[in-house]
Structures are given as C-alpha cells and as structure tokens.
Amino acid sequence: MADTMQFDLVSPERKLASVQAREVRIPGAEGDLTAMPGHSALITTLRPGILTVVGPEGTAEYAVTGGFAEISAEGVSVLAERGVPKAELTAAIHAEMMAEAKKVVDVAHPSVTDAAVKMLSDMEALGAHINA
C-alpha cells in the first residue's frame, strides 16, 4: 500500500489544493472521518467544518461549508460548496457564509428545518476558527 494518495479540493471559485496526502480528515454530514491510502470507496456529503490534509510537507486546513467527498484507495476528491484556506477565514467571510446559511433556513420546508438548523449550528461553530 502506498504511503500517500492524491488529494484534490475544488470550490466553485477556485481549485484550493492538489497535493499528495497521508490522511484527510473530513467533516462528514454523518460524522467526521479520516481517509488514508487504501481506503474503501465511499461518497459522503460534507457539513460545515474544518477539512484537514496531512501530507509529507505538513498539515493544511480548509474551512468548508458543505459539498461532497469522493474517497477511493488512490485518493480523495472534494467538491466544496464554499471553501477557503483556514488562514484566510475572516469574520467578514464567515458573516457571508452565515448569511447564505440563514437564507437556506428561512426558506426551508418544515420537513428539512431540523437539518437546516443543524447546518446553521455547524456554520456557527466554524466561526471559532476565524483568524483575527
């Protein structure tokens, strides 16, 4: 088994990362998970949180608001609804993310209100990672 795998992180605005990784810690909608080389194939949705990539050159962290992760034995591809390097997460960017999340909650059908409220709670928790 290889000791690294390909990791790609893309948001609608830009490609955020394309690197070799030893592990990728993913804020999954059903719970956090860690993907490593040789991982079983899996597709999961993301919840707002911090995605961590550990590679030969060190660790990188990204704030993501949602999206999908496709995991295979050879790598991890993440398509984030919105993503920024954690070092770039400012109060202004977090406020924009919160406003977008609140719009979803405001128009949510009652059957999805619980999920929308959970997403909003995760988005608020993401604010703890703002770089002052």
Side-chain angles (χ1 to χ4, degrees):
M1 180 169 63
D3 64 342
T4 63
M5 63 185 170
Q6 181 62 37
F7 170 72
D8 294 295
L9 173 58
V10 179
S11 72
E13 298 87 27
R14 61 183 167 154
K15 180 179 238 177
L16 292 159
S18 182
V19 299
Q20 289 295 302
R22 289 192 177 110
E23 69 180 66
V24 180
R25 293 182 219 131
I26 301 166
E30 300 298 318
D32 293 346
L33 65 132
T34 300
M36 300 174 80
H39 198 285
S40 297
L42 171 73
I43 295 177
T44 187
T45 54
L46 303 178
R47 65 172 170 73
I50 298 297
L51 185 143
T52 304
V53 182
V54 179
E57 285 79 46
T59 301
E61 295 180 309
Y62 302 89
V64 296
T65 62
F68 297 90
E70 181 178 8
I71 303 166
S72 71
E74 296 79 34
V76 176
S77 295
V78 175
L79 176 58
E81 289 174 3
R82 185 151 182 203
V84 296
K86 184 181 165 200
E88 295 177 18
L89 182 61
T90 63
I93 290 172
H94 183 256
E96 288 174 20
M97 291 174 170
M98 286 295 296
E100 290 168 12
K102 286 179 180 174
K103 280 191 241 175
V104 172
V105 172
D106 290 343
V107 298
H109 186 274
S111 66
V112 297
T113 299
D114 287 345
V117 169
K118 169 82 170 90
M119 181 197 62
L120 193 55
S121 175
D122 288 338
M123 193 70 72
E124 287 174 348
L126 185 58
H129 298 280
I130 293 172
N131 291 300

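In this chain, residues are counted from 1 in sequence order. Quick note: numbers below take in every heavy atom, side chains included, and nothing from hydrogens, waters or symmetry partners.
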Nearest-0.5 Å distance that lies between atom CD in E81 and atom CD in E100: 9.0 Å

Qualifying residues under side chain to side chain donor-acceptor pair (under 3.5 Å), relative to E61, sequence neighbours excluded: K86

One should read off an interatomic distance between I130 CD1 and H94 NE2, to the nearest 0.5 angstrom, of 5.0 Å

Sub-4.5 Å side-chain heavy-atom contact between P27 and I50: no

Straight-line distance of L126 CG to I93 CD1, nearest 0.5 Å: 11.0 Å

Are L89 and M97 close enough that some pair of their side-chain heavy atoms sits under 4.5 Å apart? yes

With sequence neighbours excluded, residues passing side chain to side chain donor-acceptor pair (under 3.5 Å) with T44: none

Following the transitive rule for hydrophobic clusters with a side-chain heavy-atom cut-off under 4.5 Å over Ile, Leu, Val, Met, Phe, Trp and Tyr, establish whether V84 and Y62 coincide in one cluster. no

Does the side chain of L33 reach to within under 4.5 Å of the side chain of I71, using non-hydrogen atoms? yes

With sequence neighbours left out, what residues match E30 under side chain to side chain donor-acceptor pair (under 3.5 Å)? none

Starting from the C-alpha separation in whole Å, work towards a yes-or-no answer on side-chain contact (heavy atoms from CB on, under 4.5 Å) for M5 and V24. CA-CA 10 Å; M5 63 185 170; V24 180; 3.8 Å; yes

Do L16 and P85 have side chains that get closer than 4.5 Å, going by heavy atoms? yes

Shared hydrophobic cluster, L42 / F7 (ILVMFWY, side-chain heavy atoms < 4.5 Å): yes

I26 and V76, any side-chain heavy atoms less than 4.5 Å apart: yes

Heavy-atom distance under 4.5 Å between the side chains of D32 and R47, does that happen here? yes

Closest non-hydrogen atoms of R22 and D3, given as atom of the first, atom of the second and distance, are CG-O, 3.6 Å

To the nearest 0.5 Å, what is the distance between CG on L46 and OG1 on T65? 8.5 Å

Mind checking side chain to side chain donor-acceptor pair (under 3.5 Å) for D8 and listing every partner two or more places apart, or none if nothing turns up? Q6, S18

Only counting residues at least two apart or in another chain, list the ones meeting salt bridge (Lys or Arg N to Asp or Glu O under 4.0 Å) with E88. R14

Side chain to side chain, E96 and R82, heavy atoms closer than 4.5 Å: yes

Partners of R25 by salt bridge (Lys or Arg N to Asp or Glu O under 4.0 Å), sequence neighbours excluded? E23

Closest approach of S11 and G83, non-hydrogen atoms and distance? CB-N, 3.9 Å

